[in-house]
Amino acid sequence: MPVDNVGVAATSTIEVALGDRSYAVHIGSGVRHRLASVVARLGAERVAVVSARPAESTPETGVPTLFVPARDGEENKNLAWVEELCRKFAAFGLTRGDAVVSCGGGTTTDAVGLAAALYHRGVPVVHMPTSLLAQVDASTGGKTAVNLPAGKNLVGVYWQPSEVLCDTDYLRTLPAREWTNGYGEIARCHFIGAGDLRGLPLDEQIAASVRRKAEIVTADERDTGLRHLLNYGHTLGHALERATDFAIKHGEGVAIGTVFAGRLAHALGRIDEARMTEHLDVVSGYGLPTALPIGLAAETLIGLMRLDKKAVGGLAFVLDGPRGAELVRDVPAHVVVRTLAEMPVAALPV
Ligand SMILES: NC(=O)c1ccc[n+]([C@@H]2O[C@H](COP(=O)([O-])OP(=O)(O)OC[C@H]3O[C@@H](n4cnc5c(N)ncnc54)[C@H](O)[C@@H]3O)[C@@H](O)[C@H]2O)c1
Ligand SMILES: [Zn+2]
């Protein structure tokens, strides 16, 4: 795993240009220590830091600070946790002139972001993502949400952070499977305009992924068009997560879904064979899974893919083509079935 790449000295800053809600995303070793200057710029007199990481990895804030250990993971990403956070903010005396800081993976940045958006009808939030997935994806773009028993991310709002600090030093403790999870998102960036990031130092891979996401979010903050691109590889990816009861992790599903998207685009005559093979090369080049898990029925996957939020009744995929990647609706089911049948199969990743 690319842990050797962690901590390369350079840092990058990427602007997310959204008018008076614009903000910077800082990437690199040690950038979390900019927190005190961010808090000073915001004019906050106190902050609440909600962190899934050990308290000692929280940088100085420069003001009186409430430290709240976060309960992370999908099972805790719910409204009860958001209410509990808001109660803690109130008991601490956090006002709407103060700020909230999240520190953790995407479940933490999503839930804490929502709590910040709701508390006093919105207080500034600074994200300090600590998983690769949260650094390349979840912490930038302003989507916050929690889960309901009926589905993931069903309750949320758009609430842009005031600053994002992607400190690559946090990644030193990341388990191997969580690296895979993040690299699934980096791999799909190859096909949505981020360029070929293979072989680059980790912080450059993160920066390029964030830069592309920032461009897309700037053009389509509320997910009514271009932001679909971020779902490259996700139609099958989400179905694989659900069909395996989440034994397949999100990034693994996206990786397999990206290989599939290349095959499907080729089957529909949108790309040539070389470009289809590039999908396999890129995904396998990041050491990610490329085959469907053994024993999943095509009908099950198709049924789940019909539930995809991009599909309005039919089957919808973000697919490469002559004009680059775009959302393609009403893809014929028989082509999807045939392409699924042609995918290699392998045992579930463990
Ligand atoms: N808001 C968005 O735009 C957006 C985009 C993509 C994903 N998401 C959300 O992000 C979530 C997935 O994010 P995730 O994979 O980071 O989930 P997560 O928060 O559950 O973190 C994954 C695991 O990694 C651990 N971890 C995190 N940082 C660590 C570190 N530095 N060292 C050791 N362990 C660490 C966590 O404790 C957890 O066990 C999902 O809920 C998804 O819906 C949101
Ligand atoms: Zn994703």
Inspect the contact between R87 and E83 and indicate whether a charged nitrogen and a carboxylate oxygen are less than 4.0 angstrom apart. yes

Between F317 and F260, how do the two ring planes meet: parallel, tilted or perpendicular, split at 30° and 60°? tilted

Donor-acceptor contact below 3.5 Å, side chain Y170 vs main chain C103: no

Rounded at 0.5 Å granularity, tell me how far CZ in R172 sits from OG1 in T130. 14.5 Å

Heavy atoms only: give me the nearest P64-E45 pair and the separation to one decimal. CD-O, 3.3 Å

Mark yes when over 12 heavy atoms from residues, nucleotides or ligands other than R270 sit less than 6.0 Å from its CZ; otherwise mark no. yes

Does the R227 side chain pair with the main chain of E221, one donor and one acceptor, at a distance under 3.5 Å? yes

When you look at CZ of R96, are more than 12 heavy atoms from neighbouring residues, nucleotides or ligands closer to it than 6.0 Å? no

Return yes if some donor-acceptor pair links the side-chain N/O of D220 with the main-chain N/O of I216 below 3.5 Å, else return no. no

L319 with V283, same ILVMFWY side-chain cluster at under 4.5 Å: yes

E163 and R34 ion-paired at < 4.0 Å: no

Are V318 and E326 side-chain neighbours, meaning at least one heavy-atom pair lies under 4.5 Å? no

For a 4.5 angstrom cut-off between non-hydrogen side-chain atoms, does V136 reach Y183? no

Consider side-chain contact (heavy atoms from CB on, under 4.5 Å). Of T140, I206, T13, which one does V25 pass it with? T140

Is the shortest side-chain heavy-atom distance between V47 and D98 below 4.5 Å? no

What pair of heavy atoms forms the shortest contact from N147 to K152, and how long is it? OD1-CA, 3.2 Å

Under the criterion side chain to side chain contact (heavy atoms under 4.5 Å, CB included), I'd like the reasoning laid out for M305 against L236: C-alpha separation, chi angles, the key distance, then a yes or no. CA-CA 6 Å; M305 289 193 283; L236 180 60; 4.0 Å; yes

Atom of N181, atom of E252 and distance for their closest heavy-atom approach: OD1-N, 4.5 Å

Sequence neighbours left out, what pairs pass side chain to side chain donor-acceptor pair (under 3.5 Å) with at least one residue falling in residues 99-113? K77-D110, S102-H127

Between the CG atom in L230 and the SG atom in C189, the distance rounded to the nearest 0.5 Å is 7.5 Å

Starting from Y23, can I reach V123 by hopping between I/L/V/M/F/W/Y residues whose side chains sit under 4.5 Å apart? no

What I'd like to find out is whether the side chain of V49 reaches to under 4.5 Å of the side chain of T61, using heavy atoms alone. yes

Hey, could you give me the CG/OG1 distance between D320 and T258, rounded to the nearest 0.5 Å? 11.0 Å

Do M276 and L292 sit in the same hydrophobic cluster, where Ile, Leu, Val, Met, Phe, Trp and Tyr count as joined when their side-chain heavy atoms come under 4.5 Å apart? no

Checking E185 side chain against L133 main chain: does a donor-acceptor pair fall under 3.5 Å? no

So, does R263 use its side chain to make a donor-acceptor pair with the main chain of E342 at under 3.5 Å? yes

Provide the closest heavy-atom pair for L296 versus L301 in the form atom of the first, atom of the second, distance. CD1-CD2, 4.2 Å

Determine yes or no for a side-chain-to-main-chain donor-acceptor pair under 3.5 angstrom, with T244 supplying the side chain and I248 the backbone. yes

Looking at R222, is its backbone amide N or carbonyl O close enough to the side chain of Y158 to form a donor-acceptor pair, meaning the two atoms are under 3.5 Å apart? yes

Carboxylate-amine/guanidinium contact D281 R198, below 4.0 Å: no

Is there a side chain to side chain contact (heavy atoms under 4.5 Å, CB included) between H190 and D196? Walk through the geometry before answering. CA-CA 6 Å; H190 185 104; D196 190 348; 3.6 Å; yes

Nearest non-hydrogen partners of I271 and H266, listed with the distance: O-CD2, 3.1 Å

Rounded to the nearest 0.5 Å, what's the gap from OH on Y119 to OG1 on T95? Could you check? 7.5 Å

Transitively linked via ILVMFWY side-chain contacts under 4.5 Å: L94 with W159? yes

Should we say atom CD of E60 is surrounded by more than 12 heavy atoms from elsewhere, each under 6.0 Å from it? no

P129 and V164, any side-chain heavy atoms less than 4.5 Å apart: yes

Any side-chain heavy-atom pair from L264 and V328 closer than 4.5 angstrom? no

Which distance, rounded to the nearest 0.5 Å, do you find between the CD of E178 and the OG1 of T173? 10.5 Å

T235 side chain to A316 main-chain N or O, any donor-acceptor pair under 3.5 Å? yes

Minimum heavy-atom distance A194-A208, with the two atoms named: CB-O, 4.2 Å

CD (E273) with more than 12 external heavy atoms under 6.0 Å: no

By the definition side-chain hydrogen bond (donor to acceptor under 3.5 Å, both in side chains), identify the one residue from E241, R188, H250 that meets it with H234. H250

Nearest 0.5 Å, please: how far is CZ in F67 from CD in E56? 8.0 Å

Test side-chain contact (heavy atoms from CB on, under 4.5 Å) applied to A298 - qualifying residues, sequence neighbours left out: L340

For a 4.5 angstrom cut-off between non-hydrogen side-chain atoms, does M128 reach R53? no

Are V254 and L280 connected, step by step, through hydrophobic side chains (Ile, Leu, Val, Met, Phe, Trp, Tyr) whose heavy atoms are closer than 4.5 Å? no

For L307, the rest of its hydrophobic cluster, which grows through side-chain links under 4.5 angstrom: L304

With a 4.0 Å cut-off on N to O distance, would you call K213 and D137 a salt bridge? yes

Run V217 and Q160 through side chain to side chain contact (heavy atoms under 4.5 Å, CB included) and show every step you take. CA-CA 11 Å; V217 167; Q160 298 293 345; 4.2 Å; yes

Show the numbers, then the answer: is there a side chain to side chain contact (heavy atoms under 4.5 Å, CB included) between V50 and F89? CA-CA 10 Å; V50 184; F89 300 162; 4.0 Å; yes

Minimum side-chain heavy-atom gap Y286-Q205 below 4.5 Å: yes

Determine whether a donor-acceptor pair (N or O, by modelled atom type, separation under 3.5 Å) exists between the side chain of S29 and the backbone of T168. no

Is there a donor-acceptor contact under 3.5 Å from the side chain of T65 to the main chain of V63? yes

